[in-house]
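In what follows, a single structure is set out as structure tokens and then discussed.
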There are 2 protein chains.
Amino acid sequence: MKSELAVLDEFIRSKGLRHTHQREEILNIFLSTEKHVSIDELFKLVKRHDKRIGYTTVYRTMKLLSESGLCGEIDFGDGILRFEHKYGHEHHDHLICTKCGAFIEVMKPKIEELQERLSREHGFTPMRHRLQIFGLCKRCS
Amino acid sequence: MKSELAVLDEFIRSKGLRHTHQREEILNIFLSTEKHVSIDELFKLVKRHDKRIGYTTVYRTMKLLSESGLCGEIDFGDGILRFEHKYGHEHHDHLICTKCGAFIEVMKPKIEELQERLSREHGFTPMRHRLQIFGLCKRCS
DNA sequence: CTTACTATTGAAAATGATTTTCAATTATAC
DNA sequence: GTATAATTGAAAATCATTTTCAATAGTAAG
């Protein structure tokens, strides 16, 4: 499997864009985090390494990573956009604890299959989906 | 089944709030729309009936209706909060066409059941969930 | 290596939906 | 009616996100 940096570089080249140290650094820091970071959180992490990188650059770089397929955007409905690792990761759904904010990543092929069938029954061509289950995690319930 | 207005009134009384003609009017106009209205859309409809009702009141009243269980808030991930009828309506999921914006309401008990089981497998107590399938509707595909 | 070209950066300002503020108004209980 | 406190609506504040723009820095060509 290609490295994430190679994937980014390939994407950048194919679009006639440029490889910059900011982009490389933001990618590395994103990869080193445990998923689901907001732009603001990521910006703070990035600033620790290099104070001169601005919020805007983090914002723009995450959009770039999204386009290149390296990260996925997730919306838990609280008005803050978060990002998760996507390259080399399977699709999954989320269990979200409404008390402590913890999330669990889950996967149920049978549900995926039923969603596919449900869509077809309505003449709908599914491209992607989002399943979020809100409730209480083991510790909070 | 109690009327929606009766439900609202009961909720209002139970909280020591007041019945106002604005709240009644906004509820009626919301009920007369075909679901999935944003606050902005609803405000425009309301203004046709009564120019003196402000945006803020519509906003606050919809929050009130949400709390009372008369409407549900839906987030399609485009940054705009929409509302749908909830009282006397079954839970359902959404198929959302990414081309024309159409949405289809669907229901698959088997999926609900599997979600329940999936949650339990992870020691999670599910309260509510959100399933949105994005793709192309019959006409657009 | 140097130049020319143009993408990128970062600070600040703009955007846009949502939420709060506050003085005036209005519903409700007594 | 009167007193009390909730409600209203205009305007301002919030807050994440997005755009602007002048300065900076990759990249390719010479």
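Order of the sequence lines fixes the chain letters, A, B, ..., with proteins taken first and strands second; residue numbering starts at 1 for each chain. Since the model is a prediction, treat every value here as computed from it, not as a measurement.
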*For A:Lys51, which contact category applies under a 4.0 Å heavy-atom criterion: base, sugar-phosphate, or nothing?*
nothing
_Atom-to-atom span, CZ of B:Phe11 to P of D:dA6 - whole angstrom_ = 15 Å
*Measure the distance from NZ on B:Lys15 to P on D:dT7 and round it to the nearest whole Å.*
12 Å
*Under 3.5 Å, side chain of A:Tyr87 to main-chain N/O of A:Lys2, donor-acceptor pair present?*
yes
*asked:* If only side-chain N and O atoms count, and only distance matters, is there a donor-acceptor pair under 3.5 Å linking A:Gln132 with B:His129?
replied: no
*asked:* Please report the distance, rounded to the nearest Å, between CZ in A:Arg60 and C1' in D:dT20.
replied: 10 Å
*May I have the distance from A:Tyr55 (atom OH) to C:dA13 (atom P), rounded to whole angstrom?*
17 Å
_Distance check needed: D:dA11 C1' versus B:Tyr59 OH, whole Å only._
16 Å
_How many whole angstroms separate atom CZ of B:Arg13 from atom P of C:dT28?_
6 Å
*Below 4.0 angstrom from OP1 or OP2 of D:dG9, is there any side-chain N or O of B:Gln22?*
yes
*Any donor-acceptor N/O pair under 3.5 Å between C:dT9 base and A:Arg52 side chain*: no
*Would you indicate, yes or no, if C:dT9 has its OP1 or OP2 atom less than 4.0 angstrom from a side-chain nitrogen or oxygen of A:Thr56?*
no
_Looking at B:Arg18, is its backbone amide N or carbonyl O close enough to the side chain of B:Arg23 to form a donor-acceptor pair, meaning the two atoms are under 3.5 Å apart?_
yes
*Mutual orientation of the aromatic rings belonging to A:His36 and A:Phe103 [parallel < 30°, tilted 30-60°, perpendicular > 60°]*: tilted
*If only side-chain N and O atoms of B:Arg23 are considered, is one of them under 4.0 Å from the OP1 or OP2 phosphate oxygen of D:dT7?*
yes
*Expressed in angstrom and rounded to an integer, what is the separation of A:Glu73 atom CD from D:dT18 atom C1'?*
13 Å
_Expected output: side-chain A:Glu10 to main-chain A:Leu5 donor-acceptor under 3.5 Å_ = no
*5'-most contact on DNA chain C: B:Ile39 or B:Thr20, nearest heavy atom basis?*
B:Ile39
*What is the distance from CG of A:Leu64 to P of D:dT18, rounded to the nearest Å?*
14 Å
